[in-house]
Amino acid sequence: MTGAPGLRARKKRATRDALQEAALRLALARGPDNVRVEDIAAAAGVSPRTYNNYFSSREQAVVAAVVGDRAAQVAAAVVSRPAEVGVADAVIDAVVALYSDSDDHPRDALLMIANSAVLRACYVDTITMIEGPLTDAVIERCDRIGRLTAQVLSASVGAAAKIAVRQWLQTTSAPPSMPGFVVPSGSLPDLVRAALTPLAPAFDAATTHSARRPPGA
């Protein structure tokens, strides 16, 4: 019985992964508007009812396949940076890395998201999920920063990144035959870094203040 909870968690993770992968594969092959929840469930070998235990829409599953577990990635990256790296640099670099080109973020998937209003909205909304894990990571890196301060800073990071991604996905002029077509503009990592850089003084001030504060104060 000791290993039962771990086995259940692994099975749930495997099912979630299968649904995400099926959703993205089908959406890329058919177009997101031509994929039903029933299709995704069947491709993953589960029932639609099981699908609904994991995702509330087809768009949510598609976006989940692209973004992965970003919150955990950011937190791990912040904590793993060398001690001599400032908190601000550690946080900014970790968040920017999420939006750098890699095999984990195929361009065709991002372009599909960019050209669907519903997928764009879902994609942008996932950004704020980093707040909780990032708060814990900031405190772990500088344990004398108060939780409230860490939460405010982390929420600001999520908001700034969200603004940058929304700008990157802004709608541009399109021919009448292509209504709603979106052209991503500029470098997404550069936009994210530019949006986050103004927050660096706030991180520096919080770190400096915490260093001067007596333990337990």
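In what follows, every heavy atom counts, from backbone to side chain, and hydrogens, waters and symmetry copies are set aside.
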Q) Between S80 (side chain) and A77 (backbone), is there a donor-acceptor pair under 3.5 Å? A)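 A pair under 3.5 Å: yes.
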Q.
Any side-chain to backbone donor/acceptor pair from Y51 onto S57? Under 3.5 Å, distance only.
A. yes
Output the distance between atom [atom1] ([X]) and atom [atom2] ([Y]), rounded to the nearest 0.5 Å.
{"X": "R58", "Y": "N34", "atom1": "CZ", "atom2": "CG", "result": "8.0 Å"}
{"X": "D108", "Y": "L24", "atom1": "CG", "atom2": "CG", "result": "7.5 Å"}
{"X": "T15", "Y": "R10", "atom1": "OG1", "atom2": "CZ", "result": "13.0 Å"}
{"X": "Q60", "Y": "Y54", "atom1": "CD", "atom2": "OH", "result": "13.5 Å"}
{"X": "Q151", "Y": "S156", "atom1": "CD", "atom2": "OG", "result": "11.5 Å"}
{"X": "I40", "Y": "F55", "atom1": "CD1", "atom2": "CZ", "result": "9.0 Å"}

Answer yes or no: are there more than 12 heavy-atom neighbours, outside [X] itself, under 6.0 Å from its atom [atom1]?
{"X": "E140", "atom1": "CD", "value": "no"}
{"X": "M129", "atom1": "CE", "value": "no"}
{"X": "R13", "atom1": "CZ", "value": "yes"}

Identify the two heavy atoms, one from [X] and one from [Y], that lie closest to each other, and give their separation to 0.1 Å.
{"X": "A43", "Y": "R25", "value": "CB-NH2, 3.7 Å"}
{"X": "A202", "Y": "L153", "value": "CB-CD2, 3.8 Å"}
{"X": "I145", "Y": "A150", "value": "CG2-N, 4.0 Å"}
{"X": "M112", "Y": "L119", "value": "O-CD1, 4.1 Å"}
{"X": "A65", "Y": "E21", "value": "CB-N, 4.5 Å"}
{"X": "A90", "Y": "V78", "value": "O-CG2, 3.8 Å"}

Q) Salt bridge between R81 and D89, side-chain N to carboxylate O under 4.0 Å? A) no
Does [X] belong to the same Ile/Leu/Val/Met/Phe/Trp/Tyr cluster as [Y], with side-chain heavy atoms less than 4.5 Å apart forming each link?
{"X": "I113", "Y": "L98", "result": "yes"}
{"X": "V87", "Y": "V96", "result": "yes"}
{"X": "V37", "Y": "L28", "result": "no"}
{"X": "V67", "Y": "L19", "result": "no"}
{"X": "I92", "Y": "V79", "result": "no"}

Sub-4.5 Å side-chain heavy-atom contact between [X] and [Y]:
{"X": "E59", "Y": "P32", "result": "no"}
{"X": "T135", "Y": "I139", "result": "yes"}
{"X": "R30", "Y": "D39", "result": "yes"}
{"X": "L188", "Y": "V165", "result": "yes"}
{"X": "R141", "Y": "V91", "result": "no"}
{"X": "R70", "Y": "Y99", "result": "yes"}

Q. Given D136 and R147, is the salt bridge (charged side-chain N to carboxylate O under 4.0 Å, His left out) satisfied, shown in steps?
A. CA-CA 8 Å; D136 293 336; R147 176 160 289 274; 2.9 Å; yes
(Q) Determine whether F203 and L196 satisfy the following criterion, side-chain contact (heavy atoms from CB on, under 4.5 Å), listing intermediate values before the conclusion. (A) CA-CA 11 Å; F203 275 96; L196 295 178; over 6 Å; no
Q | Worked check of side-chain contact (heavy atoms from CB on, under 4.5 Å) between V66 and Q20 | A | CA-CA 8 Å; V66 176; Q20 293 174 183; over 6 Å; no
